[in-house]
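Residue numbers start from 1 in every chain, and the chains themselves are labelled A, B, ... in the order their sequence lines are given, proteins ahead of strands.
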Protein chains: 2
Amino acid sequence: MTVENPPLQRTRETSRALPIALLRARETVMSPIRDMLHDLNLTEQKWRILRTLEECGRVEQSTIAKEACLLLPSLTRILRTMEADGQIARAADLTDKRRTLVEITETGRAILRDNIHVSNGIYQSIQSQMGQEKLDTLLDLLQELQQVRV
Amino acid sequence: MTVENPPLQRTRETSRALPIALLRARETVMSPIRDMLHDLNLTEQKWRILRTLEECGRVEQSTIAKEACLLLPSLTRILRTMEADGQIARAADLTDKRRTLVEITETGRAILRDNIHVSNGIYQSIQSQMGQEKLDTLLDLLQELQQVRV
DNA sequence: TATTGTTATACTCTATAACTATA
DNA sequence: TATAGTTATAGAGTATAACAATA
């Protein structure tokens, strides 16, 4: 009677490891955006918050945290400075006083409007090199991956 | 004679914006890995360094920085603690004394070996939900995106 | 002169727990 | 009791510049 060894597991090539592959791809795309954010004196996190708020309208903080991939304590601090800088506004939720509703201000909107050509330019540059079809497929697959139950 | 307005540019849905889509997808995959790293008392950065070193063998620090998406000053500090913990070893490059060559130790290798079933398990869970073909396509497209000139 | 890596510094985010107010 | 958000705190990474050693 023989006892089989457990299957020997090997590490995946880093280029085929999802966490690393996703990070490296993101670094490529973020590089020129970081230059823009540097000039705007905005962090990546603040940029994500502005984009989230523009899209979601007036929302509670837990929603922002989830959409922008931030922890609530971080968000509390970041929103405090963004409010001081006039980029967002907060108001109490009258139906549930535990909640705070946040929305983007005209100042915040203007920041996005004045710089959207940068992200659109990057997008177009990628599109011209990869092709529209591949880019759509990639975005579809990323959305699907995001929803996987791990 | 009329002067045309510049084309009005609109912000992309965040789910179709590459930096955010890549980040959200990565958060999904990283969530269980973070639990593992927490138990191992390792940061994400140290994990990437170990994976990079296992794959690249003995390499200089600039290479690690590039592959693991870290800045050199960060790497200097992180490698100092990893060396103290016996996970990596450093040796001077005899042919170019400015360079330091870094390699993974047996202790470092053991950490990867003892935990690779976690990342493989996540990979298989994703594979079973998305299918092998889509997952391969995603990894191909990520590799292609990483190499785009932005 | 350019490159590799280190040091120093200021800033920011992460992670966790404890807390307040409200439901 | 549970939830939304805040505060406090420790730890870690980011970004930049200045520096040393070597090529």
Can you see if the side chain of [X] gets near the phosphate of [N] - specifically, an N or O under 4.0 Å from OP1 or OP2?
| X | N | value |
| --- | --- | --- |
| B:Thr43 | D:dG13 | yes |
| B:Ser62 | C:dG5 | yes |
| B:Ser74 | D:dG13 | no |
| A:Gln61 | D:dA4 | no |
| A:Arg77 | C:dA15 | no |
| B:Arg98 | C:dA2 | no |
| B:Thr100 | C:dT4 | no |

Fill in: A:Asp136 vs A:Gln132, side chain to side chain donor-acceptor pair (under 3.5 Å): CA-CA, chis, key distance, verdict
CA-CA 6 Å; A:Asp136 283 340; A:Gln132 181 67 58; 3.0 Å; yes

Fill in: Toward the 5' end of DNA chain C, by each residue's nearest nucleotide, A:Glu44 or A:Lys97
A:Glu44

Worksheet item: What distance separates A:Gln9 CD from B:Leu112 CG, expressed to the nearest 0.5 Å?
Response: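 One gets 13.0 Å once the value is rounded to the nearest 0.5 Å.
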
Discussion item. Working to the nearest 0.5 angstrom, can you tell me the gap between B:Ile116 CD1 and B:Arg51 CZ?
Written reply: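 Here the interatomic distance stands at 4.5 Å.
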
Atom [atom1] of [X] and atom [atom2] of [N]: how far apart are they, to the nearest Å?
| X | N | atom1 | atom2 | result |
| --- | --- | --- | --- | --- |
| A:Asp39 | D:dT16 | CG | P | 11 Å |
| B:Met82 | D:dG13 | CE | P | 10 Å |
| B:Leu75 | C:dT6 | CG | P | 8 Å |
| A:Leu71 | D:dA10 | CG | C1' | 15 Å |
| B:Leu72 | D:dA20 | CG | P | 18 Å |

Worksheet item: B:Ile78 near the nucleic acid: base, sugar-phosphate alone, or nothing, with a heavy-atom cut-off under 4.0 Å?
Response: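 Contact class for B:Ile78: sugar-phosphate only.
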
Worksheet item: Just checking A:Leu70: base, sugar-phosphate only, or nothing, at a heavy-atom cut-off of under 4.0 Å?
Response: sugar-phosphate

Nucleotide of [options] approaching [X] most closely (side-chain heavy atoms):
| X | options | answer |
| --- | --- | --- |
| A:Pro73 | D:dA23, C:dG5, D:dT7 | D:dT7 |
| A:Thr76 | D:dT16, C:dT14, D:dT6 | D:dT6 |
| B:Asp96 | C:dT6, D:dT6, D:dA23 | D:dA23 |

Discussion item. Please determine whether side chain to side chain donor-acceptor pair (under 3.5 Å) holds for the pair B:Arg24 and B:Thr14, giving the CA-CA distance in whole Å, both sets of side-chain angles, and the decisive distance to 0.1 Å.
Written reply: CA-CA 10 Å; B:Arg24 288 181 184 157; B:Thr14 56; 3.3 Å; yes

Practice prompt. Check the surroundings of atom CG in A:Asn41: do more than 12 heavy atoms from other residues, nucleotides or ligands lie under 6.0 Å from it?
Written response: no

Fill in: Closest-nucleotide ordering on DNA chain D, the 5'-leading residue of A:Glu60 and A:Arg34
A:Glu60

